[in-house]
Amino acid sequence: MSKTPRRRPRPPAPASPRKPGSTTASPASPAVPAGPPPLRLNLAAAVAALEGLALAGWGVTTFFTGGETAILAGLLILVLAGFPLAAAYGLRRARRWSRGPALIMQLLSLPVAWTMLHSTGAVIAGGAALGALALSGLVLLVHPATTDALGIKRTASS
């Protein structure tokens, strides 16, 4: 016979543990609607994903065609491409944290687009496309349907 100590079975955990002072959703607070995300939220995710993919393409191009000094720049651009891609992922899944990075990306894109518009050649068309994407992304992200879908409370104007 072995001398292995027997373990006592653990009691089952309660179904919904409540900590003192924890906040739970009350009927008065707005709840995140169930079901598929609204079209505006999906469009905002598509804009962020498109910007992230464009940045990733630029990073790969810089990495492979820029020479020895551009390898680090290409890697940096690839890392920066992760921010709008992560925001697009979060927006597609209606995560409220994703709105901040997406808004920051749109706001950073506007001065880049403005600079590209005041350039020469084919860069002007790229600036126009980037500006249109950034403006449409901003409008989609601040729309009330988007904020409601993300469960973000709107403040009342006083």
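Residues take their numbers from the sequence shown, with the count starting at 1.
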Kindly work out whether a path of hydrophobic side-chain contacts (I/L/V/M/F/W/Y, heavy atoms less than 4.5 Å apart) joins [X] to [Y].
| X | Y | value |
| --- | --- | --- |
| I124 | W114 | no |
| I152 | L141 | yes |
| L53 | I104 | no |
| W58 | M105 | yes |
| L75 | L80 | no |

Would you check if [X] and [Y] make a side-chain contact, meaning some heavy-atom pair closer than 4.5 Å?
| X | Y | answer |
| --- | --- | --- |
| R92 | N42 | yes |
| H143 | L41 | no |
| S136 | V47 | yes |
| L150 | R95 | no |

Between T147 and R99, does a side-chain contact (heavy atoms from CB on, under 4.5 Å) hold up when you go through it step by step?
CA-CA 9 Å; T147 57; R99 184 173 176 244; 3.7 Å; yes

Could you pull out the closest heavy-atom pair between [X] and [Y], with the gap in Å?
| X | Y | answer |
| --- | --- | --- |
| A56 | A81 | N-CB, 3.6 Å |
| L55 | P84 | CD1-CG, 4.2 Å |
| A87 | A102 | CB-N, 3.8 Å |
| A145 | P38 | O-CG, 4.1 Å |
| T146 | L140 | OG1-O, 2.6 Å |
| L133 | Q106 | O-OE1, 3.7 Å |

From the options L138, T115, L130, select the one residue that forms a side chain to side chain contact (heavy atoms under 4.5 Å, CB included) with L110.
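Only one option passes, and that is L138.
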
Option from L76, I71, I77 for which side chain to side chain contact (heavy atoms under 4.5 Å, CB included) with T62 holds
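The option that passes is I77.
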
Do any N or O atoms from the side chain of R96 and from the backbone of G151 form a donor-acceptor pair under 3.5 angstrom?
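Judged by distance alone, yes, a pair lies under 3.5 Å.
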
Check for a donor-acceptor pair, side chain of S98 on one end and backbone N or O of L91 on the other, with a separation under 3.5 Å.
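Between the backbone of L91 and the side chain of S98 there is a qualifying donor-acceptor contact (under 3.5 Å).
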
